[in-house]
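These notes are about the structure you will find just below.
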Amino acid sequence: MFEQQKNAVTRGLPLVVMLSGFLLLGSGCERKPTATTEESESVPAPAQSVDTSAADAYSAEYWQAGQAQIIDAQAAAQALERAVAQLLMAPTEDHLESAKLAWLDAHREFSASMPFIEVAFAPAELQQQGKDLLLALNSWPVQAGYLDTVPGYSTSGIVNDTAIELTLTNLRKQHRLTAHEEASTGFHALEIMLWGPTSERAAEQFSESSGGEEPKAQASNRRRELTRLITQGISEDLSQLANRWPVTANDLSQPYLARDPVARVQRIRAAHIDLLRNQVLPRIPESSESDVESGLAANSKQALLAMLRNVQVAWLPGEGSGLADLLLDRHQVAALAETFGLLEQRLLKMEDPIELAAPAELQRSRQQVEKLVGLISGDTKVPAREEEMTPVSVTIPVEE
C-alpha cells in the first residue's frame, strides 16, 4: 500500500480511516471553479442501502483519525520551527540540511491531512475558512522574485523592499496581494527561502550581518527574519487547526457530527471525490511544462503519495471495514484495490518531482485517478469476472 500506509493504530486510534487533498472550498493553486461540496454530495448513492450502525461507528472513527493526523502535522510544523531557529542561530550547511529535512516531513504530514481538512470544512458556512487556510499554508506555484533576490534582479523581493515592515501580520497582508503566485506565507514560500530561487541556497546566506544600513547587509538580515516569520506562520496555522478539531471544541466537529451517520459517510465520499479531482489531478502534470508543487524540494511525488495513502486506507483499510465495504459492491471493491495498486506502482517508479516523468506515464496516472473517481462515486459499474460466472446448462430438445 502507499508508503506501506501507517501503522494500524495511531495514538491508540484504529486506523480504519487514516487517509489524506483539496477543498471544494478551494486549494493552494488556481483552478477553474468546480461544483461545491454540497452539490457533489447530491451525487446518487449506490442502490445498495448503507448500514446505519456501521456508518455511525466508521464516521466517528474517521473524525478521531483526522485529529491524530492533524496533531502529527502540528508536531512536524513545530519541529520545523525549531530546525529553522537552529539554522538562524548557527548558519551551517548541516543545520540548513536539517531544516530542509524538517520541511519535507512537515509538508508530507500536512499533505496527509488534506482529506480530513476537506471533510471538516465542507459545510457552506465553513468553506471560505477552509479556502483561506489552504491558501495561507499551501499556495503554489510561488514567484521566487516576490520573496528574494533572483538571477538578474539583485534588488528583487521582500528581502530588499525595506518599505515592508517584517511582521507576520504584514506578510499575511502581502500574501497573494496582486497575483496568485505572489505567496509570502506557507510551505512553498518557505521552500523558496530554504532551497533558494535556483536550488543553490548556501547556509552563509542566513548569516546575521552587522553592516547597518548597507543594502546587502539589510537584505541578509531581512532574509533571516522573513524565513523565521514564514515558519512561524505555518506553525501557528496548524496549531490553530489542531485546537479547533477535538469533539469538545464543537467548532469543526459539531457540523459534521450533527449529520446522521449515512450523511456523514456520504460527505466523506464527496470530499474524496473533490480531493482527487481538484487536488490530486492538478499535482500530476499534463506535460513537462506544467507547474509542479515542491519543485525545488523535489517533493511533489511524496506529497501526492501522502494524500493518496490516506484516501486508500479510508476505503481499503486492510483490517476492519472501510468505506468500500459500506458503499460499493464486491466487484467495485476489487477494481478499486487494483487501481490503487497500479497507481502506486506507477508513481513510485517516477522521479521526484514528477514533472520529470515521461508524458505517457503522467497521462496513464491521470487516467487511473479518473478511474478512482468513477469507482469511489459508484458511477463505474464493474461486471463480474468470467471465472465467477456460474455456468448455466441448457438442454436443447432433440427434434424427432
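Computed from a predicted structure; not experimentally measured.
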* Partner residues of R222 under the salt bridge (charged side-chain N to carboxylate O under 4.0 Å, His left out) criterion, sequence neighbours left out -> none
* **Non-neighbouring partners of D94 that pass side chain to side chain contact (heavy atoms under 4.5 Å, CB included), sequence neighbours left out** => T92
* Does the pair D251/R244 count as a salt bridge with the N-to-O cut at 4.0 Å? -> yes
* Asked: salt bridge (Lys or Arg N to Asp or Glu O under 4.0 Å) between R283 and E293: does it pass, once the steps are laid out?
  -> CA-CA 7 Å; R283 285 165 167 75; E293 184 189 27; 2.7 Å; yes
* Asked: Hydrophobic cluster mates of L342, side-chain heavy atoms under 4.5 angstrom, ILVMFWY only, any path?
  -> none
* Are D237 and R172 close enough for a salt bridge, meaning some N to O gap below 4.0 Å? -> yes
* To do: Give the C-alpha distance, both sets of side-chain angles, the deciding distance and a yes or no for side-chain hydrogen bond (donor to acceptor under 3.5 Å, both in side chains) between T178 and E182.
  => CA-CA 7 Å; T178 61; E182 292 180 349; 2.6 Å; yes
* Which atom names give the shortest non-hydrogen contact between A55 and V50, and what distance separates them? -> CB-CG1, 4.1 Å
* Asked: In terms of heavy-atom contacts, does CD of E204 have more than 12 from other residues, nucleotides or ligands at under 6.0 Å?
  -> no
* Asked: Should side-chain heavy atoms under 4.5 Å link Ile, Leu, Val, Met, Phe, Trp and Tyr, which residues sit in the same cluster as Y153?
  -> V150
* Heavy-atom closest contact (L171 atom, S184 atom, distance) -> O-OG, 2.7 Å
* Nearest heavy atoms of A183 and A189, plus distance in Å -> O-CB, 4.0 Å
* Is there a side-chain hydrogen bond (donor to acceptor under 3.5 Å, both in side chains) between Q363 and E286 once you walk through the steps? -> CA-CA 7 Å; Q363 184 58 33; E286 295 188 66; over 6 Å; no
* To do: Using the test salt bridge (charged side-chain N to carboxylate O under 4.0 Å, His left out), find all partners of E361 that sit at least two apart in sequence or belong to another chain.
  => R346, R364
* **Partners meeting side-chain hydrogen bond (donor to acceptor under 3.5 Å, both in side chains) with Q240 (sequence neighbours left out)** => none
* What is the ring orientation for H107 with F110, classed by angle as parallel under 30°, tilted 30 to 60°, or perpendicular over 60°? -> tilted
* Aromatic plane relationship, W245 with W63 - under 30° parallel, 30 to 60° tilted, over 60° perpendicular -> parallel
